[in-house]
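Report on the structure given below.
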Number of protein chains: 2
Amino acid sequence: MCTVSKSQIKREALVKATVNLVNNNGFHAAPMSKIAKMANVSPGTIYLYYKNKQDLINQVYIEVKTAFTKFAFKDYEENFSVEKGFKNIWKNLAEFKLKEVEEAMFLSQCDNTPMIDEPSRKEGLKHLQPLLDLWERGQKEGIIKPVSPYMLYAFSIYPIAFLMNMQQRELIKLTPAHVNDAYEMAWSSIKI
Amino acid sequence: MCTVSKSQIKREALVKATVNLVNNNGFHAAPMSKIAKMANVSPGTIYLYYKNKQDLINQVYIEVKTAFTKFAFKDYEENFSVEKGFKNIWKNLAEFKLKEVEEAMFLSQCDNTPMIDEPSRKEGLKHLQPLLDLWERGQKEGIIKPVSPYMLYAFSIYPIAFLMNMQQRELIKLTPAHVNDAYEMAWSSIKI
DNA sequence: CAAAAATAAATGAACGTTCATTCATAATTA
DNA sequence: TAATTATGAATGAACGTTCATTTATTTTTG
């Protein structure tokens with residue numbers, strides 16, 4: 001038997017509602033009243049959990065980002081070879097982005113707008129360290145191109161968000177074969 | 001002597017103001033009143049040029065996107081080799097994204113939010129055709145990986161936006177050497 | 001070529017609506 | 001029942017948009 005506090009349930013409902021509304025209409029069309037209604041909560045209740053709308057968005061961002069990065073490393077082990085480790089993490093990231101579309105779209109929107117404040121952005125990046133460590137190891141081993149992690153991220157991870165976007169807009173349909181192609185492109189851009 | 005109509009000047013001022021405000025605060029914090037003030041125009045005047053706020057955003061998007069793609073092909077010739085042609089276009093895109101930061105940030109925001117409606121998105125893509133043609137030729141010649149243009153775009157072009165974002169947030173500083181590294185990564189991800 | 005008339009462009013105060021936020025009250029819990 | 005949690009109507013600020021009016025430009029007239 002597992003107990004979850006009532007307030008935790010409300011928080012989760014609020015997170016879900018916020019993600020959903022911001023996702024489909026953008027920040028500017030996700031009023032607190034609608035978020036409250038969708039979460040089956042009164043508008044006033046939101047302010048028991050969050051200081052204001054900005055705080056709500058920031059916290060939701062951090063929560064979703066944390067879930068995202070947790071998922072990325074769920075079965076990762078530090079003694080993996082660089083190539084195997086990268087493949088493992090990359091596939092997880094892709095799986096998340098293509099299956100948890102709601103969350104992923106929300107993150108993509110947050111990461112490309114001034115919606116989130118800088119401290120929360122920093123906070124959201126915390127859990128990415130294992131990937132950075134892996135890349136550093138790869139560079140020491142002469143396997144990974146000797147460029148900044150931002151560059152590695154830009155070419156191997158960031159593109160997944162684009163593909164997800166295109167799939168969401170029904171401009172492409174990503175089969176497992178396509179995902180494999182994408183992985184090969186990611187790897188070939190960062191390997192020496 | 002070159003004559004520019006007064007209304008064109010106003011339009012340009014409005015475009016500039018819209019880009020600037022949406023850029024720094026997001027769509028939700030770019031009220032018509034502020035846009036008007038920044039463009040030295042009365043709020044009412046905006047509605048002589050644009051049907052409503054959505055229409056303003058859509059049109060500004062198309063205008064900026066067109067400028068962006070025009071810049072991409074400014075010195076491109078169809079008889080270039082695939083590799084030379086791609087390098088040419090890529091460098092132009094990078095130059096635009098890193099020099100016309102305001103416009104580029106605005107586009108990045110538009111492309112990752114539900115801010116712009118679908119018809120305007122389609123319109124904005126129109127002028128990218130030469131790049132798609134080049135890729136197709138490259139695929140026929142066995143130089144470019146046989147994957148969809150969306151995939152090629154995701155891995156070779158889209159990453160530039162990420163790097164631009166990071167530079168804007170002062171997390172990296174892109175020297176010409178870095179831009180070259182980035183180009184090599186873009187090319188290695190799409191070449192066979 | 002002035003002066004007058006007509007048209008067009010631009011204004012900004014005002015309107016109705018929507019929003020984030022508050023708070024007096026109610027429900028729940030322990 | 002005292003304390004905690006939740007409610008939702010109320011509030012005032014801010015928003016997009018309108019429109020009666022003013023200002024600028026063009027056309028017509030004598």
Side-chain angles (χ1 to χ4, degrees), chain A residues 1-61 106 109-110 113-117 120, chain B residues 1-61 106 109-110 113-117 120:
Chain A
M1 184 79 180
C2 129
T3 50
V4 179
S5 71
K6 261 195 173 170
S7 75
Q8 195 49 38
I9 290 175
K10 295 221 165 159
R11 281 189 107 90
E12 274 161 26
L14 282 168
V15 168
K16 207 162 194 162
T18 304
V19 166
N20 191 289
L21 278 168
V22 168
N23 229 342
N24 291 306
N25 311 100
F27 183 89
H28 72 284
M32 296 297 261
S33 54
K34 271 195 198 168
I35 293 173
K37 194 168 282 175
M38 183 171 271
N40 281 314
V41 147
S42 124
T45 306
I46 300 181
Y47 291 85
L48 300 174
Y49 297 89
Y50 305 96
K51 209 168 107 279
N52 51 37
K53 192 177 179 182
Q54 183 63 57
D55 183 47
L56 167 68
I57 296 282
N58 285 337
Q59 287 202 43
V60 168
Y61 172 76
F106 177 79
Q109 207 173 148
C110 291
T113 67
M115 227 162 91
I116 306 295
D117 62 25
S120 305
Chain B
M1 182 80 180
C2 126
T3 50
V4 180
S5 72
K6 262 195 171 169
S7 74
Q8 195 49 40
I9 290 174
K10 296 225 159 152
R11 281 189 107 91
E12 274 161 26
L14 282 168
V15 168
K16 208 161 195 164
T18 304
V19 167
N20 191 290
L21 278 169
V22 168
N23 229 342
N24 291 308
N25 311 100
F27 181 91
H28 71 285
M32 296 298 259
S33 54
K34 270 195 198 167
I35 293 172
K37 195 167 282 175
M38 184 171 271
N40 280 315
V41 144
S42 121
T45 306
I46 300 181
Y47 291 85
L48 300 176
Y49 297 90
Y50 305 96
K51 208 168 109 278
N52 50 38
K53 191 178 178 182
Q54 183 63 56
D55 183 48
L56 166 69
I57 296 282
N58 285 336
Q59 288 202 43
V60 168
Y61 172 75
F106 176 78
Q109 207 173 148
C110 290
T113 67
M115 228 163 93
I116 305 296
D117 63 26
S120 305

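Sequence lines set the chain letters: A, B, ... in the order given, protein chains first and strands last, and positions in each chain run from 1.
A side-chain donor-acceptor contact under 3.5 Å links Gln109(B) to the backbone of Val22(B). At least one donor-acceptor pair under 3.5 Å links the side chain of Gln54(A) to the backbone N or O of Met115(A).
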Grab the N/O contacts between the protein and nucleotides 17-24 of chain C below 3.5 Å, and write none if there aren't any.
{"residue": "dA20(C)", "atom": "OP1", "partner": "Lys53(A)", "partner atom": "NZ", "Å": "2.5"}
{"residue": "dA20(C)", "atom": "OP2", "partner": "Met32(A)", "partner atom": "N", "Å": "2.5"}
{"residue": "dT21(C)", "atom": "OP2", "partner": "Tyr47(A)", "partner atom": "OH", "Å": "2.8"}
{"residue": "dT21(C)", "atom": "OP2", "partner": "Lys53(A)", "partner atom": "N", "Å": "2.8"}
{"residue": "dT21(C)", "atom": "O5'", "partner": "Tyr47(A)", "partner atom": "OH", "Å": "3.4"}

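Partners of Phe27(B) by ring-ring contact (aromatic ring centres under 6.0 Å, His included), not counting sequence neighbours, listed by chain and number: His28(A). With sequence neighbours excluded, no residue forms a side-chain hydrogen bond (donor to acceptor under 3.5 Å, both in side chains) with Asn25(A). With sequence neighbours left out, the side-chain contact (heavy atoms from CB on, under 4.5 Å) criterion links Lys34(B) to Leu21(B), Pro31(B). Listed by chain and residue number, Asn58(A), Ser120(A) satisfy the side-chain hydrogen bond (donor to acceptor under 3.5 Å, both in side chains) test with Asp117(A) (two or more places apart in sequence, or in another chain). With sequence neighbours excluded, the residues forming a side-chain contact (heavy atoms from CB on, under 4.5 Å) with Asn20(B) are Asn24(B), Met38(B), Glu102(B), listed by chain and number.
Across the helix from dC1(C)-dG30(D) to dA30(C)-dT1(D), the helix axis at one end is tilted relative to the axis at the other end by 10° (nearest 10 degrees, each axis from five pairs).
The interatomic distance linking Leu48(B) (CG) with dG12(C) (P) rounds to 13 Å, in whole Å. When the P atom of dA6(D) is taken as reference, atom CG of Leu14(A) falls 10 Å away, rounded to whole Å. One atom, OH of Tyr49(A), and another, P of dT5(D), lie 8 Å apart when rounded to the nearest Å. Rounded to whole angstrom, the span from the OH atom of Tyr50(B) across to the P atom of dG16(D) amounts to 16 Å.
No side-chain heavy atom of Lys10(A) sits under 4.5 Å from any side-chain heavy atom of Leu48(A).
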